[in-house]
Amino acid sequence: MSYPFQKIEKKWRAYWEKNKVYEPDLKKAKKPFYNLMMFPYPSAEGLHVGNMYAFVGSDIYGRFQRMRGYDVFEPIGLDGFGIHSENYALKIKAHPMEQAKVSEKRFYEQLQMIGNGFAWNERLETYNQGYYKWTQWIFLQLFKNGLAYRKKQAVNWCSGCKTVLADEQVISGECERCSGKVIKKELEQWFLKITEYAEPLLQNLEKIDWSERIKIAQKEWIGKSEGAEIEFKIQNSEFKIKVFTTRPDTLFGVTYMVLAPEHDLILKIKSQISNLKEVKDYIDKTKGESDAERTEINKEKTGVELKGVKAINPANQKEISVFIADYVLSTYGTGAIMAVPAHDERDFEFAEKFKLSVIEVISPLIISDKIKCWTGEGKLTNSSQFNGMISEKAKEEITKSVNGKKTIQYHLRDWLISRQRYWGAPIPMIYCETCAQSGKGEKPAMPGWHATPEKDLPVVLPYVEDFRPKGTGESPLATDKKFYEVKCPQCGKNARRETDVSDTFLDSAWYYLRYPSVNSATADLEPWNHEIIKKWFPVNLYTGGAEHSVLHLLYVRFVALALHDLKLLDFGQSAAPRGEPFPKFRSHGLLIKEGAKMSKSKGNVVNPDGYIAKFGADALRMYLMFLAPFEQGGDFRDRAIMGIARFLERVWELSDKKDAKNGRETKEIIAQKTIKKITEDIERFKYNTAISELMKFINTLEEYPDKNNFEIFLKLLAPFAPFIAEELWGKLGHKKSIHLENWPQYDPRLIKEDKFDLVIQINGKFRDKISVSGEIGEKEAGEIAVSQEKIKNLLKDKKALKIIFVPGKLINIVI
RNA sequence: GCCCCCGUGGCGGAAUUGGCAUACGCGUAGCGUUCAGAACGCUAUCCCGCAAGGGUCAGAGGUUCGAAUCCUCUCGGGGGCACCA
């Protein structure tokens, strides 16, 4: 191979760093463009080729914008705190604090190799004290403003990671990280009040430019439903059962009620329950079930009637039975339902099993045969004065008639952020028993709890020899007396630090705010510099994986909106809703290997290092981008990388060729068209077709070499293959880096050809094409068309019934 | 079960305000270069047909002068949510 990529790539890596080619002036930049890519978490031996795919895709856009005159800021860092890194350390029997240094070196080396235009001076790692001091500070701001609280609740407990998890981290009843079984445990934990932001998180989705699938996922996760709360009296009792329903129009069809087994009303009315033992047994049984078992869809419905307890349907005063059953969730709505078996499949199934009556109250508007259980809307029947009314109206009217309250429910739950693990930012709270006794504390609802004074931040994570999760419901930090023993900031008596650490997703919920302020003069005094924030935010383009649809991307929006409302953050003018951090987000596709997702456990992880060594970073970059549209992802098959290697070899050879005398006109037009196409392709993240355009362009250039066009070619190539483009640019005698050059402009006048190929169709079928003047009109085109030998033969003596003429494109003769 | 995405040559894919199906690349074959191979260059490469021509975008139907593209249904693949009242 004559193209010495190893030497070239090494040379330019050093040059770029030394000359700060990718370091914008953060204070003075005139046209800031914040090009952000989700930072990696160093959980494995290193980055795999799928990570590279994502980073390169983001970098191409950044390089493109830099050449278009923007001051592009493309930072990089490591999401190194958290369970993923800790689990990896456990696996290889290392201490996470030491392992972090090893991973850091390894990751940064790999990221250097791939040739991205990173602003290396601003890198950050979430496990550094200078960073997590501010993670803790953010927690305190949320606490002080009522957005962080402690509550005892049945929470998700991962038996593998031995810690609690947020709702978003439970995937089909399994742990997001270790796929361990998740069970419910009643524990007191720290939560962030993301539910308070359910509405803006939902509403703003309409106004931000994000991949549609991500928006849909977030919308569904927030899960807004509108309905009503209706109260049912319990006979011979002062208590009422409050239910939430989206179908108050079916109230006359209620034949029984169901409480979640955890419902606190059960205790209050236990004296009325005649089969208390049976009820208690059922409750105990459901407690032992994991989430996955309990929500197993195919599971047969189970439940127990509360004998002796009857409720009254407020619509018709009918007496109805009350059950407890695990198909009703304590965490949604009021934890109780009114059951309408005629119009709800779950209720129907339950009613069938327990032989309960089914009363139809809605008849479908479209007559359809054999619907067992109609769950749609329709016209009311068996509903007394509401008969004949349509569902929509009946919802309003019936709710009113029983003094129901219109309400809105969300699927979204508050974000559980405490973790009983070691490798994370300690939650900066202090618990004082003395203050608790006297009811003192910063929040009346949480006596004894005090925020760590801000001057004492960071609460440093100590080195704990045995950092393994204990499984006791307590973090390993609870074994370190020196850590948790502290004086109460209010009364000065002996108190105890919180020993749980915060969820990694809190670290990554604000990292992008820190990047441009990492080296600010006030970096130790404030989390971000407000002038820099105004200048660089919101982020111009955010790129990352779709797997974070309801995790990171929801949390990060919540934190930004909350900080914004607390006046701690101000992005200034933006077209996006105020406080939205990422007006534009694009998710990249997944790079798979032989049809399967790359993962350590499957053993199909492709390491990029070998390819870089063998073909060069430029070749790997281009191959990855060529194999499929960036937003789609694709299958990694290394055979095809040869095609790119050949292409780069031809680029290298071309630099020595002398200009051709002929073909000037063709060259001009092709160059102009190529500029247009590639510019548009990059804007739409269609890097694969941009590369095919470069290939076509070089085919022409080989035939008609031309220095001027070769320079255009190199500029168009630069975002994709930054090393070879830089080298050949220098060889042409240029002193300035090609990456700081201007992106080529095309002249629309030159693209407009005075001739085009007119397509001639007969009955919509392609028959012929002929080169004609661009100005040609319908009449003239028709005459030319029928005068063609081929067309004449096909038409013979048949008459044209109709002529369809599309200027600049085709003529269709209908016979 | 619900929601979203996808289905085009041997392969990755191109073609979207509906207008030449298969761009670009991989692979394969033939020829050239070579002692030979690798590499490289040229040519061919959706199917039937000697050709003229006909067929083809998972399958069926529809809208249209015209459909890979829009609509309906069916089949297949992938992803998300999942007893959310």
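Below, read A as the first sequence line, B as the second, and so on, with proteins coming before strands; counting in each chain starts at 1.
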### Query
Which residue lies toward the 5' end of RNA chain B, Y332(A) or D757(A), if each is placed at its nearest nucleotide?
D757(A)

### Query
N812(A) or V759(A): which one's nearest nucleotide on RNA chain B is closer to the 5' end?
V759(A)

Spacing of [X] atom [atom1] relative to [N] atom [atom2], expressed in whole Å:
X	N	atom1	atom2	value
F697(A)	G25(B)	CZ	P	15 Å
M622(A)	C26(B)	CE	P	13 Å
R767(A)	A52(B)	CZ	P	13 Å
I670(A)	C24(B)	CD1	C1'	14 Å
Q218(A)	C81(B)	CD	P	12 Å
F323(A)	C83(B)	CZ	P	21 Å
L810(A)	G66(B)	CG	P	13 Å
E168(A)	G80(B)	CD	C1'	14 Å

With respect to the side chain of [X], which nucleotide from [options] is positioned closest?
X	options	result
R650(A)	G25(B), C20(B), C83(B)	G25(B)
F244(A)	G19(B), C81(B), A85(B)	A85(B)
I171(A)	C81(B), C65(B), C20(B)	C81(B)
R646(A)	C40(B), C83(B), C20(B)	C40(B)
W221(A)	A82(B), C20(B), G27(B)	A82(B)
K696(A)	C24(B), C26(B), A21(B)	C24(B)
V328(A)	G19(B), A85(B), C26(B)	A85(B)
F766(A)	A85(B), G19(B), C20(B)	C20(B)

Distance between [atom1] atoms of [N] and [M] (Å, rounded):
N	M	atom1	answer
G25(B)	C40(B)	P	13 Å
U8(B)	C3(B)	C1'	26 Å
G79(B)	U28(B)	C1'	35 Å
U22(B)	A39(B)	C1'	29 Å
U17(B)	U69(B)	C1'	11 Å
G37(B)	U43(B)	C1'	22 Å
G77(B)	C70(B)	P	23 Å
C6(B)	A68(B)	C1'	13 Å

Can you give me every donor-acceptor pair (side chain of residues 338-345 of chain A, partner residue at least two apart or in another chain, under 3.5 Å) with its distance?
residue, atom, partner, partner atom, Å
H343(A), ND1, W374(A), O, 2.9
H343(A), NE2, V361(A), N, 3.0
H343(A), NE2, I362(A), N, 3.1
D344(A), OD1, R346(A), N, 2.9
D344(A), OD1, R346(A), NE, 3.1
D344(A), OD1, D347(A), N, 3.0
D344(A), OD2, R346(A), NH2, 2.5

#### Entry: Side-chain donor/acceptor of K802(A) to base of C65(B), under 3.5 Å
no

### Query
Per the atom types in the model, does the base of G66(B) pair as donor or acceptor with the side chain of Q761(A) at under 3.5 Å?
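No such pair is found, so the answer is no.
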
For [N], give its Watson-Crick or G-U wobble partner with both distances under 3.5 Å, or none.
N	value
C73(B)	G59(B)
G32(B)	C40(B)
G19(B)	C65(B)
C2(B)	G80(B)
U45(B)	G27(B)

### Query
Taking only residues two or more places apart in sequence or in another chain, which ones pass ring-ring contact (aromatic ring centres under 6.0 Å, His included) with F323(A)?
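F323(A) satisfies ring-ring contact (aromatic ring centres under 6.0 Å, His included) with Y256(A), F350(A), F354(A) once adjacent residues are dropped.
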
### Message
For a quick check of understanding: with a heavy-atom distance under 4.0 Å over all strands, which category does S225(A) fall into, base, sugar-phosphate or nothing?
### Response
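Here S225(A) touches the backbone only, sparing every base.
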
### Task
Consider only side-chain N and O atoms of S692(A) and Y687(A), and report whether a donor and an acceptor are under 3.5 Å apart.
no

### Task
Compute whether any side-chain donor of one residue and acceptor of the other, for S391(A) and D249(A), lie under 3.5 angstrom apart.
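Side chains of S391(A) and D249(A): pair found under 3.5 Å.
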
Salt-bridge test for [X] and [Y]: reply yes if a basic N is under 4.0 Å from a carboxylate O, no otherwise.
X	Y	answer
R684(A)	E680(A)	no
R586(A)	D209(A)	yes
K673(A)	E693(A)	no
R650(A)	E702(A)	yes
K406(A)	E396(A)	yes

### Query
Taking only side-chain nitrogens and oxygens of K765(A), does any of them come within less than 4.0 Å of OP1 or OP2 of U56(B)?
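No, outside the criterion.
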
### Task
Measure from the ring center of Y555(A) to the ring center of W415(A) and say whether it is less than 6.0 Å.
yes

## Note on the structure
Whether each nucleotide of nucleotides 3-17 of chain B has a protein heavy atom under 4.0 Å at its base (B), only at its sugar-phosphate (S) or at neither (-) is summarised, 5' to 3', as SS-------BSS---

### Query
Since syn is defined as within 90° of 0, does G7(B) count as syn or as anti?
anti

